[in-house]
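We name chains A, B, ... by the order of the sequence lines, and we start the count at 1 in each one. Side-chain atoms are counted along with the backbone in the values below, which use heavy atoms only and exclude waters and symmetry mates. Since this is a predicted model, take the numbers as computed values, not measurements.
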Amino acid sequence: MPAITLPDGSVRRFDAPVTGTALAAAIGPGLARAALAMKLDGRLVDLACQIDHDARVVFITRRDPEALELIRHDAAHVLAEAVQTLYPGTQVTIGPAIENGFYYDFHRNEPFTPEDFPAIEAKMREIVARGAPFVRSVVERGDAIAFFERRGERFKAELIRDLPADQTITFYRQGEWTDLCRGPHMRTTADVGSAFRLMKVAGAYWRGDHRNPMLSRIYGTAWRDQKELDAYLHMLEEAEKRDHRRIGRDMDLFHLQEEAPGSVFWHAKGWRLYRTAESYMRRRLDAAGYQEVRTPQLVDRSLWEASGHWEKFREHMFIATVEDEDRVLALKPMNCPCHVQIFRQGVRSYRELPLRMAEFGACHRYEPSGALHGIMRVRAFTQDDAHIFCTEAQIAPETVRFVELLASIYRDFGFPEFRVKFSDRPALRAGDDAVWDRAEGALREACATAGVAYEVNPGEGAFYGPKLEFVLRDAIGRDWQCGTLQVDFVMPERLDAEYVGEDGARHRPVMLHRAILGSFERFLGILIEQYAGRFPLWLAPVQVAVATIVSDADAYAAEVAAALRAAGLAVALDTGNATIKAKIREHSLAHVPVILVLGRREAEARTVALRRLGGEAQEMLGLGDAVARLAAEAAAPDLPGRAAA
RNA sequence: GCCGACGUAGCUCAGUGGUAGAGCAACUGAUUCGUAAUCAGUAGGUCGUCAGUUCAAUCCUGACCGUCGGCACCA
């Protein structure tokens, strides 16, 4: 006698168990047509599911956000059927719904190529048009394994074997085609609709392990209707337009070339951007009580052996040798061992702690070739690195200070929001459990004090300690990990750092490894994409374009440009032989934030016509006024005299 | 590193077994013009590198390098 509560609070009573389909029909024909699945006491299930107890039921229709996941999951099944129909002998593995779409991993001797897409998509549309119902069945484990083994589906058989013993094994059949699946699904393949598209193929290791066979993965995207699909495709185009690699080239910021894979050639304009960010960071660190240092690039292997890098990190290190000397040097992949060397010079007192040692540390890491990505993932990069040597009691207050500094810096760069992930002890780690208890406890306490909410990333900590990771969200919703704070009890031990305490005895300091931007290369790449090249004035590599209308204004324009440069602004003087329309177009495409237009009138009146990027209005200003205003506006956000636009 | 795709002028891209084109950019000239493209002309390429097949290779084959999309990696 189930009593079913609906979202509007009404209750329907039935004499016998009832399916979602029947319940929907009982409520009304409109709902019966629209319902795709239902939430039974909060759990998403098939409409065919029997309701045999008192329950709350919410029907899912195409309008609900949950529909997306159902559509994508069903689309994955349709894809798999299409592929197996067209390419007999292909084995199926897994095919989940993912953000924006779905994929399915297949095993086939010959991998798929995008040229196969038209045929597969056509077959998928056939299957959707056929509208075969998804039929769920519960299968006994042995039968399920036998079913797939009979078909030569050894991956599926392996999956079933590895399912927990108490797991109910279910199949979903659509017409002639059956897959192992936990569900739920919509009513029929027709519910997938037509707003899907196959996107790309990729290799993917079976069960995500690189020792396993490589499968052929087909990615697709699927939406509730054509409009959503179009919007998604349009978003992808927009994302491509703000790709830092394209903008970096178009704005003449940097380039990469074959001879130096993973290393950036910064051009003058890009380097100006870099220096602006670096100067800003240096001022912030100075003000926050850090002392900046500089340590060697090439360091003897003995130090890396002592630090543990030689053992744990060697495959990522560039090794250098010379002919005349029998020694092995390595380009530093991290700065911490070098900072400990500075700490170890002389006898340190507890009075010096916390000692905040910062370096814009140029590091090299041999990243796998497949990991390289523009300037975001490189082999040579510069970290805004620092190590805070402190006592255990200082971990919490230092964390609080750090998070405040980080939040303020992210805000200044235009990222008001960030997320925090707490990565705790990994399986392979140095230090005993008591040390880890202390380190994690201290970091947790520090987060509480700082009011930092975090999600836990289990087992993802560094081998020497737990860490916080600070993740930025950019203008188009992508996440980027930048900042980090790592608590380290191990490195001071290994490299024998110590200080004399209040009690006159020697103690080990704790090291906090921390970075805010992460690496300049990566952070600047993120900034480029965040702003799509249209930087705020203080960051813009060219801040003002001075463009003449007629050559009679050239001399005055040179004077204006000189005055702006004297005020510290980056100026492009354009007295070229082109129309003002062409000049404005050129500088607008180059994302120069301010264009000063100078004709005879301005030259005579000693004024400028100021035009903002993307705007149509212009503002007439006296020369002195304009220079003062732009200089104030272009000041970095931490500087006094900064003025808003 | 693994799977796949790709590599032709600075950029975007055509193209062919008989050693290459377009648009934009660049350069030169004319034009001096008031807010997102003035006109005309000129120059520019070992067709990623190295082998192989062929009378002949940018094109076909192989290896390598690099890039792109994923996977794995991101200590």
Check against ring-ring contact (aromatic ring centres under 6.0 Å, His included), His316(A) and Tyr366(A): CA-CA 4 Å; His316(A) 297 285; Tyr366(A) 181 76; 7.9 Å; no

Geometric class of the Tyr464(A)/His513(A) ring pair [parallel <30°, tilted 30-60°, perpendicular >60°]: parallel

Using whole Å, report how far [atom1] of [X] lies from [atom2] of [N].
| X | N | atom1 | atom2 | result |
| --- | --- | --- | --- | --- |
| Phe381(A) | A75(B) | CZ | C1' | 11 Å |
| Ile218(A) | C3(B) | CD1 | C1' | 13 Å |
| Leu589(A) | A36(B) | CG | P | 11 Å |
| Trp206(A) | A72(B) | CH2 | P | 14 Å |
| Asp116(A) | C3(B) | CG | P | 18 Å |
| His591(A) | A36(B) | NE2 | P | 16 Å |

side-chain contact (heavy atoms from CB on, under 4.5 Å) against Glu367(A), all qualifying residues, sequence neighbours excluded: Arg365(A), Leu372(A), Arg377(A), Arg379(A)

Sequence-distant partners of Ala557(A), side-chain contact (heavy atoms from CB on, under 4.5 Å), two or more places apart: Val546(A), Thr548(A), Leu573(A), Thr575(A), Leu598(A)

Could you measure between the two [atom1] atoms, the one in [N] and the one in [M], and give it in whole Å?
| N | M | atom1 | answer |
| --- | --- | --- | --- |
| C24(B) | A43(B) | C1' | 16 Å |
| C47(B) | U58(B) | C1' | 4 Å |
| C50(B) | U8(B) | P | 16 Å |
| A57(B) | G62(B) | C1' | 14 Å |
| A56(B) | A51(B) | P | 15 Å |

Looking across every strand, which nucleic acid part, if any, lies under 4.0 Å from [X] by heavy atom: base, sugar-phosphate, or nothing?
| X | answer |
| --- | --- |
| Leu256(A) | nothing |
| Pro368(A) | base |
| Ile580(A) | sugar-phosphate |
| Met199(A) | nothing |
| Tyr103(A) | nothing |
| Arg217(A) | sugar-phosphate |
| Glu602(A) | base |

Sequence-distant partners of [X], salt bridge (charged side-chain N to carboxylate O under 4.0 Å, His left out), two or more places apart:
| X | result |
| --- | --- |
| Glu238(A) | Lys241(A) |
| Lys123(A) | Glu126(A) |
| Glu602(A) | none |
| Asp432(A) | none |

With a 3.5 Å cut-off and heavy atoms only, can you find an N or O donor on one side and an acceptor on the other between the side chain of [X] and the base of [N]?
| X | N | value |
| --- | --- | --- |
| Tyr205(A) | G1(B) | yes |
| Glu315(A) | G1(B) | no |
| Gln618(A) | U35(B) | yes |

When you measure from the side-chain N and O atoms of [X] to the phosphate of [N], is any distance below 4.0 Å, counting only OP1 and OP2?
| X | N | result |
| --- | --- | --- |
| Lys200(A) | C68(B) | no |
| Arg211(A) | A72(B) | no |
| Lys581(A) | U35(B) | no |
| Arg245(A) | C68(B) | yes |
| Ser216(A) | C3(B) | no |

Starting the side chain at C-beta, find the nucleotide from [options] nearest to [X].
| X | options | result |
| --- | --- | --- |
| His210(A) | U35(B), A72(B), G70(B) | A72(B) |
| Arg585(A) | G70(B), A36(B), G34(B) | A36(B) |
| Met214(A) | A75(B), C2(B), A37(B) | C2(B) |
| Val550(A) | A36(B), C33(B), G70(B) | C33(B) |

Phe470(A) and Phe402(A) aromatic centres sub-6.0 Å: yes

Near-ring test Phe155(A)/His107(A), centroid separation under 6.0 angstrom: yes

Qualifying residue, where the test is ring-ring contact (aromatic ring centres under 6.0 Å, His included) with Tyr274(A) and the options are Phe381(A), Trp266(A), Phe360(A): Trp266(A)

Under 3.5 Å donor-acceptor, Asp479(A) side chain and Val471(A) backbone: no

Check: Glu359(A) side chain, Thr295(A) main-chain N or O, donor-acceptor pair, under 3.5 Å: yes

Non-neighbouring partners of His309(A) that pass side-chain hydrogen bond (donor to acceptor under 3.5 Å, both in side chains), sequence neighbours left out: Ser307(A)

Residue pairs involving residues 95-116 of chain A (criterion salt bridge (Lys or Arg N to Asp or Glu O under 4.0 Å); sequence neighbours excluded): Asp105(A)-Arg217(A)

Upstream residue (5' side of RNA chain B) when Tyr366(A) and Ala260(A) are each assigned their closest nucleotide: Tyr366(A)

Upstream residue (5' side of RNA chain B) when Glu469(A) and Ala609(A) are each assigned their closest nucleotide: Ala609(A)

Asp496(A) bridged to Arg508(A) by N-O distance under 4.0 Å: yes

Per-nucleotide protein contact string for nucleotides 22-30 of chain B (B base, S sugar-phosphate only, - none; heavy atom under 4.0 Å): --------B

Where protein sits on nucleotides 4-14 of chain B, one letter per nucleotide: B base, S sugar-phosphate only, - none, heavy atoms under 4.0 Å: S--B---SS--

Passing candidate, side chain to side chain contact (heavy atoms under 4.5 Å, CB included) with Lys421(A), options Glu460(A), Glu455(A), Gln481(A), Lys467(A): Glu455(A)

Within residues 370-379 of chain A, residues whose heavy atoms come under 4.0 Å of RNA chain B: Gly370(A), Ala371(A), Leu372(A), His373(A), Gly374(A), Arg377(A)

RNA chain B base-pair string [pairs: Watson-Crick or G-U under 3.5 Å; |: paired with another strand]: (((((((..((((....[..)))).(((((.......))))).....(((((..]....))))))))))))....

